[in-house]
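Just so it is clear, the structure is predicted and the values come from calculations on it, not from any experiment. In what follows, every chain begins at residue 1, and chains take the letters A, B, ... in the order their sequences are listed. Excluded from the calculations below are hydrogen atoms, water molecules and symmetry mates; all remaining heavy atoms, backbone and side chain alike, are included.
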There are 2 protein chains.
Amino acid sequence: MNDVKVYTEAKEGKPLGRVWRSALHLLEAGKRAPVVCGALRVQHQKLATIEDVAALAGVSIATVSRALNEPTKVADETRRKVTEAIARTGYTTNAMARSLRMRRSNMILILAPDVGDPNFSNILVGLETEASKRGYGVLIGNTQNDASRETDYLRFISSNQADGLILFTGHLPYGFGQDGTEGRLPPMVAVNEPVPNADVPFVGVDNFEGARIATEHLISQGHKRIAFVGRSGSREVNRLREEGYRKALAGAGIAVDPRMIIDGDGTTESGRAAAELMFVRDVLPTAFFCVNDATALGVIISLNARHYDLPRQFSIMGFDDISFSSFVTPSLTTMKQPRHRIGEAAMELLLQLLAGEKPHEQQVLLRAELIVRNSVARVG
Amino acid sequence: MNDVKVYTEAKEGKPLGRVWRSALHLLEAGKRAPVVCGALRVQHQKLATIEDVAALAGVSIATVSRALNEPTKVADETRRKVTEAIARTGYTTNAMARSLRMRRSNMILILAPDVGDPNFSNILVGLETEASKRGYGVLIGNTQNDASRETDYLRFISSNQADGLILFTGHLPYGFGQDGTEGRLPPMVAVNEPVPNADVPFVGVDNFEGARIATEHLISQGHKRIAFVGRSGSREVNRLREEGYRKALAGAGIAVDPRMIIDGDGTTESGRAAAELMFVRDVLPTAFFCVNDATALGVIISLNARHYDLPRQFSIMGFDDISFSSFVTPSLTTMKQPRHRIGEAAMELLLQLLAGEKPHEQQVLLRAELIVRNSVARVG
DNA sequence: ATCATTCATGAAAACCTTTACATCATCACA
DNA sequence: TGTGATGATGTAAAGGTTTTCATGAATGAT
């Protein structure tokens, strides 16, 4: 139970602080040392600046800057002196000053409705990896679909703290663009959920194609009565997956039975409710194609609770391949989203935009991969 | 398939750009307008600056700054004019300039070995919420336990891009402090994994107490032969939970059987392996207390595969309460980590440090809560 | 009426870079 | 030798804030 140590104390006796250096400079030049000099205001440990390095290396600050940013433009010998001075002072360039001057922060703001969502967090890894590789940092903003929080986060953009934006929200941040001609959009890329009615590049999985493949897999196992769980009027992702499902049925010459299409918002609870509803109505499929794994899990829970033998009596197919899909009993056959690559691709696209390049695609659709586990059985 | 729109084009005809304003100023003062004036260099849409606001309101920039930051210090009428000018220009203060001047960025860097870890991402929500509430932004860094990446991220600190640090790594970033007296530690707080041999405030769950409660719950259900799955020499968390387990046994007068303590690194795979090992050795417990839910899941998978009837034949207890714990069959009885509160508390502590306050506790231990589900049954 | 205070404001410095432009030396070529 | 070109470096101007100090007006006390 010892006390907390406060680390922000002043640090004294630093050999090459700015005050010291510049006083020296003035004295050498024969001027009177400024009052500032004796100051006790050395809080927060003064860090070495480019001036300190320049003085130590005996060159101008411009040369130091060049040695750092365009090494070819300075003579070998000079460069050597500069690098040595940098090492001795422990200099790091002040990112704030740099950003101020260059009008770019090398930061990307990521806006997501729920940072805790496992589907999101894995994409985040890809985003972060790619950004960091290119010298960018990522700032994260958790909006919880709250309009005021969305607007609030825009301060990062408008105050130059972030150069670009990655959107998981499926719509422009509230208070942006949509409400008039004024607000110019910053470089941004939408991930997972495309942004309707706005010209925002999109990176995500090919939901239509993935759902088609999934459904075809069920068909290939002999299923003809296949339910789709998770229809939603509002969510684009759900709509696309339903389309893929319909396409596959049509391709196999199976008529769509409207009673086999159940509403759902993609939560586990909605999956459970959907299954229960089917039992109540007593129109039963042989297989459930669920809009996502969370939904599929709900269906499995419901069927397990009714003591069905899975997958013998019912097959279940998911979409996403989230972490626990392999641990459920029966382990879930599903479509795997290449989350890491989605993150990388999105960041890559955004950085291209930032660099002023004009990327070829307005959309990057990545293929979902069929993962066969134990929740789908052959029938008939 | 239309082309990507590039948003960074110059914006022309902006009424109150800086160039315009300052040229006017110079002309009024009777000086010659500088060459800069006619420039076409209006890239990236010039944003309104504090000078624009000042000019429009007819006051000095100092007053505008004060009106914004210390409103009580400016006269009501002046404040009104300033706020109106701000509204008309759409001014936002440039965070870079502000940070440069104030030597603080209002950013917190979060260093985590795996951003995708669900246990982490939920804490992140708490961290982010609290930070955002206090006007801070969070930057995330995914280290993957890679020393070079850890070092790399320190540039955010040393270049003033972040004011403080939240550590999930369980050790100081490589290249920091440990290798000598030089590197002064920035304000930081460790979460989840305490930092050994360093005076870093810690926020996390009370693992010892939680494990004790968990084990006592098993004992209260009549279990006497209780295995501990997940002993680890290197991980502090595992060690503490094992201690809690031992304490509970001791409290109940049950001798610790060393064959009941199985190594494990906390992964699902390690849980499965541990259970298999016990069957091979044929020293079987009536209950498994697992170091975390992932491990417990492995145990459950193993037992399910052997077609045991759970929890009738074996009870399983986890720790953490991660998302799928309620979905496994049998659903997992476990200790719930107050993840959101951990995040909030950690951020709160860090911001206290940053404000120069001296918090009372060096450690904040939050209580884990027993969540009773279906994986533990009464025995005997 | 005079003086001391308080209050509101402005001028200018400081924060630390990057970079356009100027300078100066060197070298090649006519 | 003169002329250009080339290359390395320095000077100084932004970039947009916050904040110290100075100024001047208004207020209150004597």
Please produce a list of atom pairs where a protein N or O lies less than 3.5 Å from an N or O of nucleotides 8-12 of chain D.
from: D/dT9; atom 1: OP1; to: A/T78; atom 2: OG1; distance (Å): 2.2
from: D/dT9; atom 1: OP2; to: A/A75; atom 2: N; distance (Å): 2.9
from: D/dT9; atom 1: OP2; to: A/T78; atom 2: OG1; distance (Å): 3.4
from: D/dG10; atom 1: OP2; to: A/S60; atom 2: N; distance (Å): 2.8
from: D/dG10; atom 1: OP2; to: A/S60; atom 2: OG; distance (Å): 3.0
from: D/dG10; atom 1: OP2; to: A/T63; atom 2: OG1; distance (Å): 2.6
from: D/dG10; atom 1: N7; to: A/R66; atom 2: NH2; distance (Å): 2.9
from: D/dG10; atom 1: O6; to: A/R66; atom 2: NH1; distance (Å): 3.3

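- Residues satisfying the ring pair (Phe, Tyr, Trp, His ring centres under 6.0 Å) criterion with A/F168, sequence neighbours excluded, are A/F120.
- Between B/R80 and B/E77 there is a salt bridge, since at least one side-chain N of the basic residue sits less than 4.0 Å from a carboxylate O of the acidic one.
- When distances run from any side-chain atom of A/I50 to the nucleotides D/dT18, D/dG15, C/dT17, the shortest one goes to C/dT17.
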With side chain to side chain donor-acceptor pair (under 3.5 Å) as the criterion, how do B/N69 and B/R98 come out once you've worked through the C-alpha distance, each side chain's angles and the decisive distance to 0.1 Å? CA-CA 12 Å; B/N69 302 318; B/R98 175 173 233 263; 3.3 Å; yes

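- Not a single donor-acceptor pair, N or O on each side, falls under 3.5 Å between the base of D/dT17 and the side chain of B/R101.
- Residue contacts shown for A/T93 are limited to sugar-phosphate atoms, with no base heavy atom under 4.0 Å away.
- Judged as a side chain to side chain donor-acceptor pair (under 3.5 Å), and not counting sequence neighbours, A/T72 has no contacts.
- B/S65 comes within 4.0 angstrom of a base, heavy atoms only.
- Note: CZ (A/R103) to P (C/dT18) measures 15 Å, nearest angstrom.
- For A/R98 and C/dC15, the CZ to P distance is 20 Å, given to the nearest whole Å.
- Summary of helix geometry: the two end axes of the helix from C/dA1-D/dT30 to C/dA30-D/dT1, each defined by five base pairs via their C1' atoms, are inclined to each other by 50° (rounded to 10°).
- Relative to the side chain of B/T49, the nucleotides D/dG16, C/dT19, C/dC16 differ in distance, and D/dG16 lies closest.
- One atom, CG of B/N160, and another, P of D/dT18, lie 16 Å apart when rounded to the nearest Å.
- Within the structure, every pair that satisfies the salt bridge (charged side-chain N to carboxylate O under 4.0 Å, His left out) test and touches residues 151-161 of chain B, not counting sequence neighbours, is listed here: B/D152-B/R155.
- For the salt bridge (charged side-chain N to carboxylate O under 4.0 Å, His left out) condition, the pairs that include at least one residue of residues 134-144 of chain B, sequence neighbours left out, are B/E130-B/R134.
- Salt-bridge formation is detected for the pair B/R149/A/E128: a Lys NZ or Arg NE/NH1/NH2 atom is positioned less than 4.0 Å from an Asp or Glu carboxylate oxygen.
- In this structure, B/N106 places its CG atom 15 Å from P of D/dT17, rounding to the nearest Å.
- Note on A/S159: nothing from the nucleic acid sits closer than 4.0 angstrom, heavy atoms only.
- The phosphate of D/dT18 (OP1 or OP2) has a side-chain N or O of B/N69 nearer than 4.0 angstrom.
- Residues passing the side-chain contact (heavy atoms from CB on, under 4.5 Å) test with B/T169 are B/P113, B/T143, B/E150, B/L167, B/H171, sequence neighbours excluded.
- The nearest whole Å value for the distance from the OH atom in B/Y91 to the P atom in D/dG16 is 10 Å.
- With sequence neighbours left out, A/S60 forms a side-chain contact (heavy atoms from CB on, under 4.5 Å) with A/A62, A/T63.
- Between B/E51 atom CD and D/dT17 atom P there is a gap of 9 Å when expressed in whole angstrom units.
- Here B/R66 pairs with nothing under the salt bridge (charged side-chain N to carboxylate O under 4.0 Å, His left out) rule; sequence neighbours left out.
- Following rounding to the nearest Å, B/R104 (CZ) and C/dA14 (P) show an atom-to-atom distance of 22 Å.
- Take the nearest nucleotide of DNA chain C for A/E70 and for A/L100: the residue whose nucleotide is more 5' is A/L100.
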